[in-house]
Amino acid sequence: MKTYIVGGAVRDRLLGRPVTDRDYVVVGATPGDMLALGFQPVGKDFPVFLHPQTHEEYALARTERKSGRGYKGFTVYAAPDVSLEADLLRRDLTINAMAEDESGALVDPYGGQRDLAAKTFRHVSAAFAEDPVRVLRIARFAARFTDFVVAPETLALMRQIVDKGEIDALVPERVWQEIARGLMEERPSRMFRVLRDCGALARLFPEIDRLFGIPQPPEHHPEIDTGEHVMLVIDWAARQNVSLPVRFAALTHDLGKGVAPPECWPTHHGHEARSVELVRALSERIRVPVECRDLAVAVAREHGLVHRALELRPGTLIELLERVDAFRRPERFDDFLTACECDFRGRPGYEDKPFPAPTYLRQALRAAQAIDAGAVARRADPARIREAIFQARTEAVAAWRNQGAAQHWAHFPHQADMGVRGVGPTLAAAFEQVALAMTAVVTDPDRVAAAQAVEIRCEAPDDELLLVDWLNALILEMAARHMLFGRFEVILDGQILHATAWGEAVDTQKHQPAVEIKGATYTELKVGRDESGRWLAQCVVDV
Amino acid sequence: MNLEQFERVSEVEWRIAPFGKMRVPAVIYADEALIREMDDKVYEQVTNVATLPGIVQAAYAMPDAHWGYGFPIGGVAAFDADEGGVVSAGGVGFDISCGVRTLHTGITAEAIAPLKEQLADRLFAHVPAGVGSTGQLRLNASEMDAMLRGGARWAVEQGYGGEADLDRIEEHGCMAGAEPDQVSEHAKRRQRDEIGTLGSGNHYLELQEIVEILDSKAAERFRLRQGEVVVSIHCGSRGLGHQIGTEFLRQMVMAAPGYGIELPDRELACAPIHSPIGKSYLGAMRAAVNCALANRQVITHLARKVFAEVFPGTHLTLIYDVSHNTCKEEWHTVAGRSRRLYVHRKGATRAFGPGHPSLPSGLRDVGQPVLIGGSMGTASYILVGTEVGMSRAFGSACHGAGRAMSRHQATRQWRGRALVDELAGQGILIRSPSLRGVAEEAPGAYKDVSAVVEAADRAGLARKVAKLKPLVCIKG
């Protein structure tokens, strides 16, 4: 009886990638031998056992022969006379058909190392065609191993599987499972490109396939092709490390553009409503979880409006916030805005353009949330409470917009370091804005989620020292907690400052933090009011 | 700057005679081109420093001087405690004891070439860099105090490097007079998990090729051979130093009026050396110096581990370790009299000449190595302290190139990805967690380090020994 590590663990070790779980194959043993050693049987269709201590999977060497359609119709043969080579032969790719014995020696009968070096996905044998799920698996691998290509003969085999209609027999849950996993990989676009190359995309996702070749206006979409745009959007989403629902919403937001009549090209007015229909149908067909579906529907319906957020009237803003349920589900609202931002940035040249819509909508939400809904409801005609609350929220947003014109932050140059400035209608507002300016030295404040609140208190004999103390208190919290802050609320009580800063742990991928701030300084330090009565607070921070 | 404001003493020395409240003259070492390009703020700041109580001889600015906080960056000033002299938190700076060390590998650039990518990736994987990164060590309260008291000596005792390293570090690796009790809990909290991290901004770990030997005798003593590769590490006292700088700056701002000190600029805040705040600051600042020395020692260990994996059998030996932001008690001869002075070097390198008793036996006859860092893509230099330099600016020289352009301007002019590709085309591999950070630190955003070094050499502050070209840069 001999035991080998097989498959992904061997491949990943050779690639220098982290190995998460190990699969073992046991050659020359019967189920009885395994039970006698204390292994737990778990396989329903195959003889698979769990190690009594490590709980890792040990499978008896086996061969498989196809006996029906889809991925379930197999006859399995497992016996002590099945060799390791025979077991490896039934595997999908040469790079996955290598084994390592207990002494660490590599067994590579099918050229796995050669194909790793050549960065090629190559099937092990013609038996590859027996399992149509493999078409999806190879596509998913392409999204993970971003510099590997599919061997021409393997691609031809995948095309045959598709042409024979085998791929149509896959159960929907299995399709979704593979697609969901592929979306979470490093470059999901590669999965869709491989599926398209072998013809599977048109069979599995005709609504995505159709997007390729549909033009968009070049002044907003330098990439022009809608399919290319969607690929850029999902890759951007993957680079931001966002959740599956956000990635699925990014994938499906523009489906409607594929069915717009050519006379609507290239602007696609009204494509949002058609996208919603198609997202619902697709979600139904492959059993997309409700959480993914609902976010995708909201993003498909509203993304056009979000891009125009700054032009919307207060009433329209409130309608939008109510439709996406922002008042009751703020975390989902964050996901919604993230997906819209991926849409914005998934265009060549837009990767680091300013996109103020998410902050603007969050601030509008905050203004609308500030009304006392209970009091409004008590005052209103009981039959018209909804309208009364809508009215009050609209007025709150209108008031916030008028005041918002007077509130902003900015940077000003200093030779080695950076000047930060906040302007607002009150001193507290200016202090909030200058804190945002400081975060912006490190990263885009809009990218910082409000996951955790930190309380800050400081006291100083004058406003200028108070400003420096406030910023230094934030710098201390950022450094000691390894956090960034994206939202601030300051309350001033004479020379005492109470504040809450909301933020999250630094995430290098997501935040791309440019530089660490060492301290706030007294250089160019000013706190005061300008001619129009607005408050200004500024100083230089040492980086 | 307008040259008419100066009395030109030589090609590279510019003097401002005392006026107004200045107690001593101000002197800038630079050639004509450098001084023309220098920010007017340097003039204002160096003359402000000359007004501080107890200042001795002159307020100095190095060829790489630029607009700092209170003191110019590239500023040197010495104070006599017995004549009311002061210590200034701004005169040391936020990143206390930020500095450079350079290690000899004995491997040629040719031998490294095929493994350059691998070295770059491994160094980037093993040396924590950038915002939010943490080190392997978590220090409890007593370990923190031991580190702050022991500096690089503490790190060696923990197994990071050997005794031979200590010989090649200023203060023999351990700054005396450190008082961990004077370091606030906030400062210690910022440092808990930051030992062994590079930080960000202009900090780096570089592999550099020695491309030119300019003084063969000194080069031989420093074991520098053309074509060989050295490792340079540029970083400082991390969050602990920043917090100490922040807190004492505020205390000194509040206390200065009580000591009768009139501040032309709040950032010049200072306190008499003999005052409680002055003593407390010196104790904390020295602890931060030790923190920086320990930090560079731990990072050295990480670099050695990577080299041992890639080039089994190699040992990186420390050539020297210099600090840029310090206030040190030193003896200097002023007008024929030996005096104990508190020398502030803010963005300036100590550059002791041959014969100085604080130099280790292997270097005493040749002088102290002076390490001048470039910015990614541009050259670095190794110089040596000179006898004449001891009388110029208390044995000090420049520290780097200095910025020519703000971060904001830099990001408008360069894109991180394009820069990384462009430098790769020149054979310089950049590894950094932040592309925006790379753009902000673009080589073009810095002054020409060669011009700065040339001026320091001509002014006699230090003498050129070797020129280094970057091969790999791990950027914080």
Side-chain angles (χ1 to χ4, degrees), chain A residues 16 349 351-352 410-420 439-444 458 460-462 464-466 468-469 471-473 475-484 504-525 539-543, chain B residues 39 41 66-70 73 90 93-95 121 130-134 186-187 189-194 199-203 236 238-239 241-243 245-247 249-250 253-254 265-267 269 347 402-409 411 415-416 433-441 476:
Chain A
E351 297 86 350
D352 33 49
H411 289 154
F412 59 93
H414 176 270
Q415 197 169 21
D417 297 305
M418 197 90 105
V420 294
T439 295
V441 170
V442 186
T443 190
D444 178 353
C458 14
D462 65 56
E464 290 191 346
L465 283 174
L466 191 59
V468 175
D469 283 359
L471 295 179
N472 277 323
I475 292 167
L476 170 63
E477 296 302 332
M478 287 163 77
R481 294 172 188 266
H482 305 297
M483 278 180 77
L484 291 167
E504 62 177 328
V506 179
D507 175 336
T508 306
Q509 279 300 310
K510 176 177 172 190
H511 301 123
Q512 285 280 305
V515 70
E516 186 177 49
I517 300 176
K518 294 173 185 164
T521 74
Y522 302 89
T523 299
E524 304 282 299
L525 172 61
C539 72
V540 167
V541 292
D542 190 358
V543 295
Chain B
D39 200 304
K41 289 277 182 187
H66 54 279
W67 179 19
Y69 303 108
I73 296 166
F94 282 96
D95 199 356
D121 291 339
V131 181
S133 58
T134 55
H186 282 160
R189 193 175 142 221
R190 271 176 87 162
Q191 194 58 27
R192 253 181 338 209
D193 51 10
E194 291 207 341
S200 68
N202 60 358
H203 293 170
R238 310 292 300 109
H242 310 163
Q243 190 68 24
T246 299
E247 289 170 4
L249 184 58
R250 189 183 193 279
V253 166
M254 304 303 292
D265 173 356
R266 272 178 162 176
E267 297 279 352
R403 287 193 83 93
M405 195 185 281
S406 74
R407 291 175 176 276
H408 204 64
Q409 267 175 300
T411 47
R415 285 270 165 266
S434 167
L435 286 177
R436 181 176 142 194
V438 169
E440 291 185 1
E441 291 291 325

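Lettering follows sequence order; numbering is per chain, from 1. Just the heavy atoms: all of them, side chains too, but no hydrogens, waters or symmetry mates, feed the values below.
Using a 4.5 Å cut-off between heavy atoms, A/V506 contacts chain B through its side chain alone, with no backbone atom that close. For a residue to count as touching a neighbouring chain, one of its non-hydrogen atoms must lie under 4.5 Å from one of that chain's; by this rule A/E524 touches chain B with the side chain only. For chain B, the nearby part of A/D469 is the side chain; its heavy atoms alone come within less than 4.5 Å. For B/V438, no part lies near chain A; criterion is any non-hydrogen pair under 4.5 Å. Within the 4.5 angstrom heavy-atom criterion, no atom of A/A505 approaches chain B. For A/I517, the part lying near chain B is the backbone, with the side chain staying farther off; criterion is any non-hydrogen pair under 4.5 Å. Of the two parts of B/D193, only the side chain, counted from C-beta on, holds a non-hydrogen atom closer than 4.5 Å to a non-hydrogen atom of chain A. The part of B/S133 that comes within reach of chain A is its backbone (N, CA, C, O), which places non-hydrogen atoms under 4.5 angstrom from that chain.
Each of A/T508, A/V441, A/V540, A/L484 has some count of heavy-atom pairs under 4.5 Å with chain B, and the biggest count is that of A/V441. With chain A as partner, the option from B/R250, B/Q243, B/E441, B/R238 having the largest number of non-hydrogen pairs under 4.5 angstrom is B/R250. The residue among A/A479, A/G519, A/A514 with the most heavy atom pairs within less than 4.5 Å of chain B is A/A514. In terms of heavy-atom pairs under 4.5 angstrom with chain B, the leader among A/H482, A/R481, A/K518 is A/K518. In terms of heavy-atom pairs under 4.5 angstrom with chain A, the leader among B/M254, B/K41, B/E247 is B/M254.
Not one N or O on the side chain of A/T523 forms a donor-acceptor pair closer than 3.5 Å with the backbone of B/Y69. Of the possible polar contacts, none joining the B/E440 side chain to the B/R407 backbone as a donor-acceptor pair under 3.5 Å is found.
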Assess whether side-chain contact (heavy atoms from CB on, under 4.5 Å) is satisfied between A/N472 and A/L476, documenting all intermediate values. CA-CA 6 Å; A/N472 277 323; A/L476 170 63; over 6 Å; no
What's the verdict on salt bridge (Lys or Arg N to Asp or Glu O under 4.0 Å) for B/R189 and B/E194, showing C-alpha distance, side-chain angles and the deciding distance? CA-CA 10 Å; B/R189 193 175 142 221; B/E194 291 207 341; over 6 Å; no
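Side-chain atoms of B/D95 and B/H203, non-hydrogen and from C-beta on, do get closer than 4.5 Å to each other. B/R190 places a side-chain heavy atom less than 4.5 Å from the side chain of A/I475. A/V442 is listed as a side-chain neighbour of A/M478, based on a closest heavy-atom distance under 4.5 Å.
The side-chain contact (heavy atoms from CB on, under 4.5 Å) search around B/L435 returns A/Q512, B/R417, B/V420, not counting sequence neighbours.
Atom CG of B/L249 sits about 10.5 Å away from atom CG of A/D542, to the nearest 0.5 Å.
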